[in-house]
Structure formats: structure tokens, C-alpha cells
Engineer: 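Dropping the structure in here first, questions after.
The structure presented is a predicted model; accordingly, all values stated were derived computationally and were not measured. A, B, ... follow the sequence lines: proteins, then strands. Residue 1 opens every chain.
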2 protein chains.
Amino acid sequence: MRRLDFQRKTRIIVVDDNYDHASGIRELINLENEYEVIANAGNANVAISLIKKYQPDIVLMDMNMPDVDGITAISKISELNLETKIIVLTAYDDPDLIFRAMKLGAKGYILKTMASHQLIHALDEVSQGKIYLPNVLCSRFFEYFQNFEKNQQNAGYEDENNLLNDLTNREEEVLSLLTQGVTYKGVAQKLFISETTVKTHVNNIFQKLQVNDRTQAVLYAINKGFLNRQKAKIA
Amino acid sequence: MRRLDFQRKTRIIVVDDNYDHASGIRELINLENEYEVIANAGNANVAISLIKKYQPDIVLMDMNMPDVDGITAISKISELNLETKIIVLTAYDDPDLIFRAMKLGAKGYILKTMASHQLIHALDEVSQGKIYLPNVLCSRFFEYFQNFEKNQQNAGYEDENNLLNDLTNREEEVLSLLTQGVTYKGVAQKLFISETTVKTHVNNIFQKLQVNDRTQAVLYAINKGFLNRQKAKIA
DNA sequence: TTTTTTCTAAATCTTTAGATTTAGATATAT
DNA sequence: ATATATCTAAATCTAAAGATTTAGAAAAAA
């Protein structure tokens with residue numbers, strides 16, 4: 001399934017602060033006649049300017065770099081909105097790293113411990129527009145992904161520091177309306193209570209959430225996953 | 001790599017509205033001596049009550065069902081917080097479906113068109129706690145995932161209906177402070193302008209966003225991805 | 001050059017919002 | 001039986017928010 005277009009080789013930039021390692025990769029790749037390493041960067045900032053200048057097809061990015069970390073580098077590169085595809089090279093199968101890299105649009109992820117033909121295989125897949133993620137790393141990704149989603153949904157639920165837990169049922173109802181931008185009068189009408197009662201509730205809410213006004217209360221609620229809670233209760 | 005624990009078979013519930021298809025799967029699985037289909041559900045509601053009652057190890061869930069759709073069913077099952085693992089069976093490789101199913105915690109995803117030994121393989125992997133997603137579907141997932149993330153980051157950027165686009169620079173600065181719960185006086189101090197000027201800006205913001213007060217303005221801003229915008233500008 | 005936009009500001013006024021205190025009615029728990 | 005928590009409500013007050021009009025200065029666009 002190698003590309004048969006010999007008119008132009010797939011151009012690669014290698015980003016690695018270890019010069020020996022980078023050279024090894026360069027030689028390995030240059031053995032293949034459809035790929036060529038056109039440049040080599042020792043740190044993220046050099047990498048970014050080189051990528052801007054040469055707009056390579058693929059960037060092979062090492063993740064253990066000084067100064068700017070790999071994730072930040074990937075983020076900056078993807079902000080350039082180029083056609084350049086990023087393949088991450090790393091020593092560890094840290095699920096958080098895999099997750100964040102893929103989130104930022106990395107097209108491949110390989111461990112340094114993997115056999116060298118894996119690297120070429122990754123280049124083949126990615127240059128064809130596919131995503132290359134070995135099964136082991138794919139599993140890691142999904143474990144993390146599913147945990148992440150679960151935590152998103154339950155954000156702040158069993159959190160000891162979540163002041164929302166101190167609210168009474170009625171106060172939650174009132175806060176819910178506040179997060180919809182309803183006024184005192186509006187709340188009073190919707191809950192069939194007097195406006196002064198609403199004020200009492202709102203004041204209690206402010207004290208419990210340790211805020212001074214409704215905007216801050218709403219912001220606190222949103223940050224602590226109050227909206228998710230409400231959804232859960234409705235459903 | 002099959003499990004060697006013959007003391008208890010892995011218990012499976014099949015959810016499929018097509019009886020013939022369900023029977024086929026049942027027979028196929030019962031050929032394997034480490035698995036047994038303990039029940040069969042023709043729709044989602046029956047499935048959920050059966051799952052509550054029997055707490056199976058694995059649920060094989062067909063996605064083309066009447067009434068309650070498969071995604072809703074998965075959502076409800078995962079809310080039960082059981083150890084039950086869900087494998088999705090479907091005819092189409094719709095990336096949105098794959099994405100949502102995996103997001104909700106499905107442990108496997110197979111196409112009906114795939115060979116039957118794939119199903120058994122999926123059962124093996126999932127019963128061992130792994131995630132089973134064939135390469136083709138994995139690619140689909142990541143394409144969708146990365147697009148999704150990109151859209152999340154640019155939420156509302158080039159949206160014609162996004163009233164935030166009508167704001168001037170100064171108004172954006174003011175709104176940014178409002179989304180932090182700052183008062184008129186506070187905004188005036190931070191921007192080195194008079195309080196009345198702040199009021200003018202805020203009133204203009206309200207008109208442009210078609211809202212009546214700061215809470216609604218803040219909510220509008222958050223929903224339309226204003227916070228992401230600000231982050232992008234700072235960075 | 002003239003027009004338009006943006007940022008600035010003040011004055012005036014009405015309406016909410018928020019703080020604080022007090023208190024009756026219910027229900028729950030000790 | 002007596003605290004304790006919750007929901008209700010009113011009165012009173014101050015501070016903040018919001019609406020509306022008018023207008024000068026500077027910059028950018030026509």
C-alpha cells in the first residue's frame with residue numbers, strides 16, 4: 001500500500017532534542033525512497049519556525065523536550081492550520097499524554113520501544129490520511145477517554161469542597177432559575193412564592209456559596225457542574 | 001488467551017428486536033463453552049429491567065431498535081453503575097454513533113457485516129476488561145473525535161448567528177470582566193475608565209446580545225464559546 | 001473632506017438587587 | 001418534648017444595576 005507517486009517524496013521534519021536519536025531516525029527514514037527528512041529541530045521553537053517555513057507533510061515529534069513541552073508544541077502547530085500531520089514519539093504510554101495529543105489532532109502515536117518497521121508503517125498510514133495508533137495505546141486512550149467523560153458528567157458530585165452540596169432542595173430550585181437569568185419576580189411567579197421569600201432564599205444561597213451576587217453564584221454553579229446535576233434530576 | 005475459569009460462564013444478554021438475528025447470535029455464542037446467553041430482549045425497556053435483575057457480564061446491544069434508541073438505552077444502562085459491559089452491534093459504521101457509544105462507556109463495537117469469529121474475539125477481549133474496536137471503526141472514531149474537539153475549541157467562531165461578533169474590542173473587554181462577576185465599579189477601576197462609561201458599554205452589550213441583564217449576558221457569552229475566545233487571545 | 005465608528009462621559013431616573021432582622025408554620029430528629 | 005432545619009414572608013434600607021438621552025474626541029472609512 002505504499003504510495004506510487006515518485007514525483008515528490010513525503011517530506012518529514014524530525015523534532016528531537018537528542019541529536020543521536022534524531023540522526024538514527026533520519027537514517028532509518030532515508031532508507032525508504034518515498035520519504036525524506038528535510039530538517040531536524042532540537043527544540044519546540046525552532047521546530048515551529050521550520051514548520052512554518054517548509055510546511056512538511058509529516059512532523060515526527062519527540063515528547064521529552066526541554067523548555068516548551070511537546071503538548072504545547074502540538075497545540076501551536078495545529079493552530080497554524082497547515083496540512084502538516086503530526087506523529088508523536090515517546091518513551092512512555094502515559095494515557096493522559098496520548099489523550100491530549102490525540103485531542104489536539106495528532107495523527108499517530110508510537111512508542112520508542114517499538115520496532116523500527118512500526119515507524120515506517122505509521123508513516124505509511126498517516127501519509128495516506130489515516131490515523132495510526134497501536135492497539136495497546138488505543139486501549140490506553142479509551143480507558144482514559146471513558147473515565148474522562150464519566151468525570152465530566154459527575155463533575156463535582158462527591159466533591160467535599162463543593163458548596164453546592166450545602167443547598168436545600170428549594171435553594172437548588174431557585175439557583176436553577178438564576179442560572180437561566182430569571183429575576184426575583186420571575187422566580188416568585190414560577191415557584192408560586194412571594195418575592196421576599198425568593199430574596200431570602202437567594203441571600204441564603206449567596207452565603208452558602210460564599211459569593212456576593214447572582215452572576216458569581218451562576219458562575220460558581222456552572223463551574224461546579226450544577227447544570228449537569230439538574231439534567232440528571234430531570235431525566 | 002481464553003479464560004480458564006470454568007467455574008462460571010460469562011453471562012450474556014442479547015438485545016435485538018429481530019428475533020431471528022438474536023437467535024442466530026445466541027446459537028453462535030452457545031457453541032463456545034465459556035459463554036452463555038442467559039436472556040434475550042426485544043426492546044430497550046425490557047433489556048433494562050432484565051439487566052437490572054440479572055446483572056450480566058456482557059450486553060450485546062443492537063442499535064436499530066424501535067421506541068427507545070440504542071444510545072438512550074446505553075445511557076440508561078451505564079447510569080445503573082453495574083459491572084455489566086456493553087458491546088454494540090450495528091449495521092452501519094456511522095462515526096457519530098460510534099463516538100457517542102464509546103463516550104457513554106461501551107466496551108466494544110462490531111459491525112454486523114463482520115465475520116462471526118470477530119464477535120467471539122470481541123467477547124474474549126471485553127470479558128478480559130479490554131476495549132474492542134476494529135481498526136476501521138477506530139479510524140472513524142478518531143476522525144470524528146478530532147473534528148469534534150476542533151469545533152469545541154472554535155465554538156461559535158464563524159457562526160453567523162453569534163451576536164458576540166457584533167461587539168467592539170472594548171465591549172469584549174467589559175464582557176470578559178462581567179463573566180468574572182465584576183461589578184460596574186470594579187470594571188471601571190480595571191479599565192481605568194469612569195463608571196458611567198462602563199454603564200454605557202454594558203448597555204450597548206445588552207442591546208447587541210439582546211438580553212436584559214448581566215446574568216443573561218454572561219450565560220449567552222458562555223454558551224457561545226466566549227470563554228474559549230478569550231483564552232485564545234491571551235495565549 | 002465628510003461620514004461613520006468607537007470610546008469616552010455625564011445627568012437623570014426607575015427598577016432590581018442585596019443586606020439584615022424578625023418571625024410564623026412544619027416537619028424531622030434527638 | 002424540645003431542639004433543629006426548612007420554607008415561608010414582611011419590613012426596611014442601601015447599593016447597585018439598568019434605561020435613556022446627549023455629546024465631545026479621535027480614528028478610520030467613504
Side-chain angles (χ1 to χ4, degrees), chain A residues 160-224 226 229-230 233-234, chain B residues 157 160 162-224 226 229-230 233-234:
Chain A
E160 285 289 326
N161 294 341
N162 195 338
L163 299 173
L164 291 174
N165 294 324
D166 298 338
L167 299 182
T168 66
N169 290 334
R170 201 54 159 173
E171 285 161 357
E172 280 191 18
E173 290 184 77
V174 173
L175 180 55
S176 173
L177 291 170
L178 291 191
T179 61
Q180 292 165 48
V182 183
T183 62
Y184 282 129
K185 196 175 285 178
V187 174
Q189 283 173 0
K190 298 208 174 194
L191 297 185
F192 305 106
I193 54 180
S194 85
E195 204 176 324
T196 53
T197 305
V198 177
K199 288 192 179 189
T200 309
H201 286 312
V202 171
N203 268 293
N204 292 334
I205 292 171
F206 289 167
Q207 287 198 355
K208 287 184 178 178
L209 302 189
Q210 296 169 19
V211 297
N212 302 312
D213 54 56
R214 39 178 75 216
T215 309
Q216 288 173 13
V218 168
L219 290 170
Y220 185 92
I222 291 174
N223 285 330
K224 290 288 187 175
F226 182 74
R229 246 186 242 223
Q230 294 305 107
K233 287 198 175 174
I234 293 164
Chain B
Y157 255 79
E160 284 290 327
N162 193 338
L163 299 175
L164 291 175
N165 294 324
D166 298 337
L167 299 183
T168 67
N169 291 334
R170 201 53 159 174
E171 286 162 358
E172 280 191 18
E173 289 184 78
V174 173
L175 180 56
S176 173
L177 291 169
L178 291 190
T179 60
Q180 293 165 48
V182 182
T183 62
Y184 283 129
K185 196 175 285 179
V187 175
Q189 284 172 358
K190 297 207 175 196
L191 298 184
F192 304 107
I193 54 179
S194 85
E195 205 177 323
T196 54
T197 304
V198 177
K199 288 193 178 188
T200 309
H201 286 311
V202 171
N203 268 293
N204 291 334
I205 292 171
F206 289 166
Q207 287 197 358
K208 288 184 178 177
L209 302 188
Q210 295 169 18
V211 297
N212 303 311
D213 55 57
R214 39 179 75 215
T215 309
Q216 288 173 14
V218 167
L219 290 170
Y220 184 92
I222 290 175
N223 286 330
K224 290 288 186 173
F226 182 74
R229 247 186 239 225
Q230 295 304 107
K233 289 198 175 174
I234 293 164

Engineer: In whole Å, I'd like the distance from the CG atom of L167(A) to the C1' atom of dC7(D).
Structural biologist: 14 Å

Engineer: Could you tell me the separation between the CD1 atom of I193(B) and the C1' atom of dA25(D), rounded to a whole number of Å?
Structural biologist: 15 Å

Engineer: Give the nucleotide from the list dC7(C), dA10(C), dG18(D) with an atom nearest to the side chain of F206(B).
Structural biologist: dG18(D)

Engineer: It should be established whether N203(B) places a side-chain nitrogen or oxygen under 4.0 Å from OP1 or OP2 of nucleotide dG18(D).
Structural biologist: no

Engineer: For the pair made of CG in N212(A) and P in dA15(D), what is the distance, rounded to whole Å?
Structural biologist: 15 Å

Engineer: Base, sugar-phosphate, or nothing for T183(A), non-hydrogen atoms under 4.0 angstrom?
Structural biologist: sugar-phosphate

Engineer: Calculate, to the nearest 0.5 Å, the distance between atoms CG and CD belonging to L175(A) and Q180(A) respectively.
Structural biologist: 10.0 Å

Engineer: Taking only the side-chain nitrogens and oxygens of T197(A), find out if one of them lies under 4.0 Å from OP1 or OP2 of dA9(D).
Structural biologist: yes

Engineer: Are T168(B) and dC7(C) close enough that a side-chain N or O sits under 4.0 Å from OP1 or OP2?
Structural biologist: yes

Engineer: Please check the phosphate of dA10(C) (OP1 and OP2 only) for any side-chain N or O of T200(B) closer than 4.0 Å.
Structural biologist: no

Engineer: It should be established whether H201(B) places a side-chain nitrogen or oxygen under 4.0 Å from OP1 or OP2 of nucleotide dC7(C).
Structural biologist: no

Engineer: In whole angstroms, how far is the C1' atom of dA17(C) from the CG atom of L178(A)?
Structural biologist: 11 Å

Engineer: Given atom CG of L191(B) and atom C1' of dA9(C), what is their separation to the nearest angstrom?
Structural biologist: 15 Å

Engineer: If only side-chain N and O atoms of Y184(A) are considered, is one of them under 4.0 Å from the OP1 or OP2 phosphate oxygen of dG18(C)?
Structural biologist: yes

Engineer: Round to a whole Å and report the spacing from NZ of K208(B) to C1' of dT5(C).
Structural biologist: 9 Å

Engineer: DNA chain C: E195(B) or D166(B), which has the more 5' nearest nucleotide?
Structural biologist: D166(B)

Engineer: Between dA9(C), dT16(C), dA17(D), which nucleotide has the shortest distance from any of its atoms to the side chain of K185(A)?
Structural biologist: dT16(C)

Engineer: Can you find a pair of side-chain heavy atoms, one from I193(A) and one from R170(A), that are under 4.5 Å apart?
Structural biologist: yes

Engineer: Could you tell me the separation between the CG atom of D213(B) and the CG atom of L219(B), rounded to the nearest 0.5 Å?
Structural biologist: 9.0 Å

Engineer: Quick one: does Q216(A)'s side chain have a donor or acceptor within less than 3.5 Å of a partner on G181(B)'s backbone?
Structural biologist: yes

Engineer: Whole angstroms only, please: what is the CZ-C1' distance between F192(B) and dC7(C)?
Structural biologist: 16 Å

Engineer: On the nucleotide dA9(D), are OP1 or OP2 found under 4.0 Å from the side-chain N or O atoms that T196(A) carries?
Structural biologist: no

Engineer: Roughly how many Å is it from NZ in K199(B) to P in dA19(D), rounded to a whole number?
Structural biologist: 11 Å

Engineer: CG of L177(A) to OG1 of T179(A): how many Å apart, nearest 0.5 Å?
Structural biologist: 7.5 Å

